[in-house]
Amino acid sequence: MNTTTFEKERAEILKRYRSLLTVCRNNIQKDDRKRIRHAFDFATKAHQDHRRKSGEPYIYHPIAVAKIAVEEIGLGATSVICSLLHDVVEDTDYTLEDIRDYFGEEVARIIDGLTKISDIFDQTTSVQAENFRKMLLTLSDDVRVILIKLADRLHNMRTLESLPPKKQLKVANETLYLFAPLAHRLGFHAIKSELEDLAMKYTEPEVYQTIQQKLADTKEERNRFIQSFTKPVRRELQKENLDFTVHARTKSVSSIWGKMKKKEVPFEEVYDIFAIRIVLNTPEDREKSDCWRAYSIVTDIYQPNPDRLRDWISTPKANGYESLHTTVMSRQGKWVEVQIRSERMDEIAEKGYAAHWKYKEPKSGESGIDKWLRRIREILKSAESDALDFIDDFKLNLFSDEIIVFTPKGELRTLPLGSTALDFAYSIHTQVGDNCLGAKVNHKLVALSQELKSGDQVEIITSKKQVPKPDWLNYVTTARAKGKIKAALKEQRKKQAEEGKEILARKLKQFKMEHSQENVQKLLEYFKLSSPLDLYYEISVGTIGQKEIKAFVSEQEKGGLLSYIRKPFSRSRESQAAKKTEQDPIRQQMKDKPDTLLIGDSLDNLSYSISPCCNPIPGDDVFGFVTIQDGIKIHRNNCPNAVQLMSKYAYRVVKAKWITNESIAFLSGLRLKGIDKAGLLQTITNTISSEYNVNIRNVHLDTYDGTFEGEVMLYINNTKHLNNLIKKLKKVDGIQKVSRIGKMEPA
Ligand code: MN
């Protein structure tokens, strides 16, 4: 390199350093300036022979990372120093000891964290995930490590162009997979959007270009619209003497693409390409009332959509986001989202918690970021050993929307969307979850599988006798609850199997048989079980009792299976029935008409249920099938499973018939086919709801090339009722075929 180039570079480095100092101006003290200069000189010297892939001097990178840390994340002097030094130990001959000697313990600790995680992303996916988890665990000691890592990743993404294409894809995917969700969770909205857009440029270049082009093409038109939309708003806000700025925020390319995929609409039909943002300059004690004043002004001018009001001022999101959102109808007949917030809220929304700290250093108790880190720690701890599983759960928790619910004392809890009462119980304490019997939601008793909504007040009812059940796994969404239930079940099964083993030993002794491996094997074959653990378990829960074992013994003696087939499991069924009270209707029915089970009274307190595979309703020919775990299941006679069940387990089939009771509704499904027409969905739902006492649970229609196919799930009383409805639907213009769901011919 000749002298001129060298001097030019030297000047450019200093220029970049000075611009870093300019952005730090407000964040740092006099003494800090010296330490920062020291770190800059140290890093420049350490990296003096290094170049980036682009050919530029390496030190450009640490300077840029430091600048991001201050300007976009809101960090202070120590973080600037650590950012400048972040690649020194990793890439040069200097050691951590050197850093400790020159810059002290605190800086050394952060650099150590940064160095340890710097090359974990060069591994295969599973190693990566496991390491990512470890990284988060160790990093929660000092959150600055993760924030500087985020700044480092952002700069690497901004300069991704100079890497070879294969490396680009790897870094871009990793960013989408780990860093963008992390940024989102931490509340760095601007960084999250930028990371996603930068990554999309490399992962889906054509889509990215197309959307960007469309944004550019429509820009002028959009600006005109925004001008005319905001004009009356500005005027009225001024009249009220509010100090404000109004601007339009265009959605990022990746979030427009996300919307297009989710709603299955073209670019032109994404209604919220941009949002209008009103930012109020107002003191903190007046910001809430001023935001609502602005809201009232906007909605006086434009009609709001009442379903789209979001008040994140009264209850901020878990990541700290505060804002008031409404969607209003413009004069051109277009929906427009309007976001109203104070300057403080705006800064938090863009820069996340770091900005928040500047405003509010908690004097005592837990800060928001501590709460977040505690939650991440819980997720990490409850994760199973499989690292990929963990990443999926983790991602699930990161991406899903949240609901906010309250404890009986009014304490607020944030849970992922779809969480149930049981999830809530586990979020309070493992013991509360394990002993959860049910819950009161808004003072009404509900099942523990009840899905919660934002605003619900939830009280958990526990019983010391209650223990986790296998089907609980179907009722929970959170990684924490799943992990806890799995662990408890494993423990239970182990314990029960041990008991079962002892019982079996006693029983065999009674029959003068040896508790040998050979006999256990014979028992397994006889009861069609696959492992001794299963056998011990069935014995301990009583499915295999005295009678069954006796049958086995006599079969061993006679060498025939006959005795078993005639009367299997009878004892356990009897003992189950014996547990029920005198009023138990099913027992009564069995006694009066031992051959026929009557269905249709009140389903709630009976130990039979309607099988979801064919959804029988009154009027259908049905039978009952005794299952081992779930009591009696009612199937239709022409259910495809019926043939199999009848032939294989004839002894477990119970005759059943309906007694009509108009007040009970059963879930049933219809499949519809026909020609796609405007307003068809409306006509279908109108036709169904006009039928007396029919409730729609859900409707799903798919259209292709002018035809449609769809499914409707509804609650209905009986077959007569259903056939009436089918007749009516067949008359609807456009519908060509209506059939009942359950893999059978039309009803
Ligand atoms: Mn770096």
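This structure is a prediction, so every number in the text was calculated from the model and none was measured. Just follow the structure's listing: the first ligand is 1, and inside any ligand the first atom is 1.
Note on ring orientation: taking the six-membered ring where Trp is involved, the planes of Y94 and F42 are tilted (angle from 30° to 60°).
At distances below 3.5 Å, not a single donor-acceptor pair connects side-chain atoms of Y208 with backbone N or O atoms of L198. D423 places a side-chain N or O within 3.5 Å of a backbone atom of T420 that can act as its donor or acceptor partner. Without hydrogens or angle criteria, T95 side chain to D98 main chain gives a donor-acceptor distance under 3.5 Å.
The closest approach of D152 to the Mn ion (ligand 1), by N/O/S atoms, is made by OD1.
Rounded to 10°, the angle that OD2 of D87 and NE2 of H61 form at the Mn ion (ligand 1) is 90°.
Residue contact annotation: H86 places an N/O/S atom under 2.8 Å from the Mn ion (ligand 1).
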